[in-house]
Amino acid sequence: MYELKTKETDASVIEFIESVGSPQKREDAYQLLDIFTEATGYTAKMWGPTIIGFGSYHYKYESGHEGDAPLVGFSPRKAKISLYFATGDTRRDELLEKLGKHTAGKACVYVNKLADIDVDVLQSLIRQSVSFLTERYPSE
């Protein structure tokens, strides 16, 4: 049976940020921590060894696959900063057009540094993603 690798852990968010090698990425991570905390109202938790997540939801697909995931999150990776938002939300694409310099995959948005993007748009993306997921996957 498949086991999720990305689970909420008790690891310290601050210790993880302090372990980030690049001083610029570390500084950006602290700023993102404040931005995500303010926009969501949730306390940051580590999800797996490298994702800082906020809130959580339980999903179940038609295939029967189910699990828990953070509503939103980020990870200050070596190459780029990964931002995690809801997939399947049409508003996401509209907001991404206004975000600034980034690339986007199915679930992740990648930025080189926080200075490359519009923080107000980032806050809107965070709030929109939380709203979309809490409506789509209401707590039982």
Side-chain angles (χ1 to χ4, degrees):
M1 182 167 167
Y2 175 79
E3 186 173 337
L4 287 173
K5 292 179 189 154
T6 308
K7 295 181 191 171
E8 186 177 322
T9 73
D10 291 330
S12 167
V13 171
I14 300 302
E15 284 179 22
F16 170 67
I17 292 174
E18 283 297 316
S19 75
V20 173
S22 160
Q24 180 61 58
K25 285 228 172 36
R26 197 167 41 249
E27 184 180 321
D28 284 352
Y30 278 117
Q31 288 180 23
L32 286 167
L33 181 62
D34 290 343
I35 291 165
F36 274 77
T37 300
E38 183 181 315
T40 66
Y42 292 107
T43 301
K45 302 277 186 180
M46 291 302 301
W47 285 76
T50 61
I51 296 173
I52 299 169
F54 298 81
S56 67
Y57 69 100
H58 185 79
Y59 61 85
K60 184 171 185 174
Y61 299 135
E62 289 179 16
S63 66
H65 176 79
E66 65 181 299
D68 297 302
L71 292 166
V72 290
F74 70 92
S75 183
R77 303 202 186 267
K78 197 173 231 176
K80 295 185 182 242
I81 297 169
S82 300
L83 305 171
Y84 300 95
F85 304 111
T87 58
D89 182 2
T90 54
R91 291 256 358 260
R92 175 183 139 148
D93 292 335
E94 294 170 28
L95 289 166
L96 285 177
E97 287 178 21
K98 302 172 190 170
L99 182 62
K101 187 177 174 184
H102 74 280
T103 55
K106 184 178 179 187
C108 294
V109 174
Y110 305 98
V111 299
N112 288 321
K113 57 188 182 291
L114 199 51
D116 288 343
I117 61 172
D118 184 323
V119 172
D120 291 335
V121 175
L122 173 60
Q123 290 172 324
S124 294
L125 270 162
I126 294 166
R127 286 191 292 270
Q128 176 58 28
S129 189
V130 169
S131 175
F132 175 80
L133 288 171
T134 53
E135 286 174 22
R136 188 170 193 179
Y137 300 99
S139 329
E140 294 174 19

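Since this is a predicted model, take the numbers as computed values, not measurements. Sequential numbering from 1 along the given sequence is applied to the chain's residues.
Annotation: side chain of Gln31 is not in contact with side chain of Val119 (no heavy-atom distance under 4.5 Å). Contact of the Ser75 side chain with the Tyr84 side chain is registered, since non-hydrogen atoms from C-beta on lie closer than 4.5 Å. Proximity of Tyr137 to Lys60: side-chain heavy atoms (C-beta onward) are nowhere separated by under 4.5 Å. Residues Leu122 and Ile126 are in side-chain contact: their nearest non-hydrogen atoms beyond the backbone lie under 4.5 Å apart. Within the 4.5 Å cutoff, the side chain of Asp89 has heavy atoms near those of the Gln128 side chain. By the 4.5 Å heavy-atom criterion applied to side chains, Pro23 and Glu27 are not counted as neighbours.
Interatomic distance, Leu71 CG to Ser56 OG, rounded to the nearest 0.5 Å: 6.5 Å. Interatomic distance, OH of Tyr57 versus CZ of Arg136, reported as 8.5 Å (0.5 Å rounding). For the atom pair CG (Leu32) and NZ (Lys25), the distance works out to 11.0 Å, reported to the nearest 0.5 Å. Distance check, rounded to the nearest 0.5 Å: NZ of Lys7 to CD1 of Ile51 gives 14.0 Å. For the atom pair Phe85 CZ and Leu96 CG, the distance stands at 7.0 Å (nearest 0.5 Å). Atom CG of Leu83 is separated from atom OH of Tyr110 by 10.0 Å, given to the nearest 0.5 angstrom.
Contact between Lys106 and Thr87 at its shortest, heavy atoms only, is O-CG2, 2.9 Å. Gly100 and His102 get closest at one heavy-atom pair: O-ND1, 2.8 Å. Of all non-hydrogen atoms in Ala86 and Leu133, the two that sit nearest each other are CB-CG, 3.6 Å. The shortest non-hydrogen separation linking Ala69 to Tyr59 is CB-CE2, 4.1 Å.
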Name every donor-acceptor pair, under 3.5 Å, that has one atom in a side chain of residues 111-118 and the other anywhere in the protein, sequence neighbours excluded.
| unit_1 | atom_1 | unit_2 | atom_2 | d |
| --- | --- | --- | --- | --- |
| Asn112 | OD1 | Lys80 | NZ | 3.3 |
| Lys113 | NZ | Asp116 | OD1 | 3.3 |
| Asp118 | OD1 | Asp120 | N | 2.9 |
| Asp118 | OD1 | Val121 | N | 3.2 |

Donor-acceptor list for residues 34-43 side chains, cut-off 3.5 Å, not counting sequence neighbours:
| unit_1 | atom_1 | unit_2 | atom_2 | d |
| --- | --- | --- | --- | --- |
| Thr37 | OG1 | Leu33 | O | 2.7 |
| Thr40 | OG1 | Phe36 | O | 2.8 |
| Thr40 | OG1 | Tyr42 | N | 3.0 |

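Annotation: side chain to side chain contact (heavy atoms under 4.5 Å, CB included) contacts of Pro76 (sequence neighbours excluded): Phe16, Val20, Ala29, Phe74.
With hydrogens and angles ignored, the 3.5 Å screen pairs a side-chain donor or acceptor of Thr134 with a backbone N or O of Val130.
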Discussion item. Walk me through whether Ile17 and Ile52 qualify under side chain to side chain contact (heavy atoms under 4.5 Å, CB included).
Written reply: CA-CA 9 Å; Ile17 292 174; Ile52 299 169; 3.8 Å; yes
